[in-house]
Amino acid sequence: MTITDLRESDAHTYSFRFYTDHPEGRYFGRRGVSLSVTDLKVTVSDTDGGDKKLTCSSTCTLPNNPTYIWYKNGQPVSQCESASCSVAVVSEAVSYSCAVKGSDLHSPPVYSPRPPSVSETEFDGSVTLVCVSDSNPASSYTWFRKTGGDTTQFGEGASLTLAAGADGVFYCTAENLLGSSTSSGWTLTSAGLWEQFALWGTVGVGSALVLSLITAVLCIR
């Protein structure tokens, strides 16, 4: 059996079974073969100087005194050849990965948040905004509300549920250890929504009144 495009999800215990023409001729390896899948990975941590420390590690057996190759946005970083590399936080989108010279090991990238997208759902008289951004490591989210010329922090977390009257332009910022990114503005005018609910309520009351009158007429007859 050959497994191509090997991934960590392929780590299992595999066993084989074969059959013969005999009714009870079924045989298989009970213990099986355990497959573990390892690769390089990059972790990000803070430093006292404000830079970020990238560390390249692996559970694989590496050659003695390996030379590491670091990549920034897919291009080699010449000043880093050890298992760790210090980088400055930048405002633009950035990604880092590492490899071991002379081997096929190459880490998945770590990267700053991509520009977030905002979506809106309405349920039971409230509005929920959801912020989503692709990043590695995962991002934390902060919401901001702009009304007139004032911008204030309005909440934290990937979703924000708003009650009646919470009008304004809403933004979310996604942030991880490598940087941050802010969504475009999402304009919310809840007055129209509440008017819609009020209209539904009026229709509901009117329908109930009509049904009551019809019932009364039937009873009189």
Side-chain angles (χ1 to χ4, degrees), residues 2-13 34-119 129-144 151 153-160 170-186:
T2 301
I3 302 177
T4 59
D5 191 22
L6 194 64
R7 302 181 180 183
E8 290 189 26
S9 58
D10 295 318
H12 292 287
T13 298
S34 295
L35 174 65
S36 60
V37 182
T38 57
D39 201 352
L40 292 177
K41 67 176 182 179
V42 177
T43 55
V44 188
S45 58
D46 290 314
T47 65
D48 294 336
D51 291 343
K52 303 301 177 181
K53 180 182 179 181
L54 307 178
T55 303
C56 186
S57 61
S58 174
T59 56
C60 298
T61 301
L62 300 177
N64 292 330
N65 300 319
T67 299
Y68 291 85
I69 305 172
W70 286 92
Y71 296 89
K72 176 182 178 181
N73 297 334
Q75 300 300 316
V77 180
S78 58
Q79 66 268 26
C80 293
E81 293 184 350
S82 64
S84 62
C85 181
S86 293
V87 297
V89 177
V90 293
S91 58
E92 70 268 15
V94 65
S95 67
Y96 295 96
S97 61
C98 68
V100 173
K101 189 175 183 178
S103 76
D104 295 329
L105 295 175
H106 197 128
S107 76
V110 293
Y111 48 93
S112 58
R114 303 299 187 250
S117 62
V118 177
S119 60
L129 302 180
V130 178
C131 183
V132 177
S133 174
D134 180 27
S135 64
N136 184 28
S139 293
S140 59
Y141 297 93
T142 305
W143 289 91
F144 298 90
T151 301
Q153 183 175 332
F154 206 72
E156 295 181 347
S159 62
L160 179 68
F170 292 85
Y171 304 83
C172 71
T173 295
E175 183 176 9
N176 68 5
L177 287 170
L178 290 173
S180 63
S181 183
T182 301
S183 71
S184 56
W186 187 274

- Task: Write out all pairs satisfying ring pair (Phe, Tyr, Trp, His ring centres under 6.0 Å) with one or both partners inside residues 65-106, taking only residues at least two apart or from two chains.
- Result: Tyr71-His106

- Cys85-Cys56 sulfur separation below 2.5 Å? no

Tell me which donor-acceptor pairs under 3.5 Å the side chains of residues 42-53 have, and how far apart each pair is, sequence neighbours excluded?
residue, atom, partner, partner atom, Å
Asp46, OD1, Lys52, NZ, 2.2
Thr47, OG1, Asp51, N, 3.1
Thr47, OG1, Asp51, O, 2.7

Where [X] and [Y] come nearest, the two heavy atoms and their spacing:
X      : Y      : answer
Ser97  : Pro108 : CB-O, 4.3 Å
Cys131 : Pro116 : SG-CB, 3.5 Å
Leu40  : Ala99  : CD1-CA, 3.7 Å

- Query: Stepwise, does the side chain to side chain contact (heavy atoms under 4.5 Å, CB included) test hold for Phe170 with Val118?
  - Reply: CA-CA 9 Å; Phe170 292 85; Val118 177; over 6 Å; no

Working to the nearest 0.5 Å, report the span between [atom1] of [X] and [atom2] of [Y].
X      : Y      : atom1 : atom2 : value
Ser78  : Lys72  : OG    : NZ    : 11.5 Å
Leu54  : Cys80  : CG    : SG    : 7.5 Å
Ser133 : Arg114 : OG    : CZ    : 8.0 Å
Ser159 : Leu129 : OG    : CG    : 9.0 Å

- Any residue meeting ring-ring contact (aromatic ring centres under 6.0 Å, His included) with Phe144, in chain and number order, not counting sequence neighbours: none

- Does Ser82 have any side-chain contact (heavy atoms from CB on, under 4.5 Å) partners at least two apart in sequence or in another chain, and if so, which? Ser84

- Query: Who are the side-chain contact (heavy atoms from CB on, under 4.5 Å) partners of Ala158, not counting sequence neighbours?
  - Reply: Tyr141

- Among Asn136, Asn73, Asp134, find the residue that satisfies the side chain to side chain donor-acceptor pair (under 3.5 Å) test when tested with Tyr111. Asp134

- Message: Can a donor-acceptor pair be found, under 3.5 Å and without considering hydrogens, that links the side chain of Trp186 to the backbone of Ser119?
- Response: no

- Message: If you define the side chain from C-beta out and look only at heavy atoms, does anything of Pro66 sit under 4.5 Å from Lys101?
- Response: no

- Can you list every pair that meets side-chain hydrogen bond (donor to acceptor under 3.5 Å, both in side chains) and has a residue in residues 173-183, with sequence neighbours left out? Thr173-Thr182

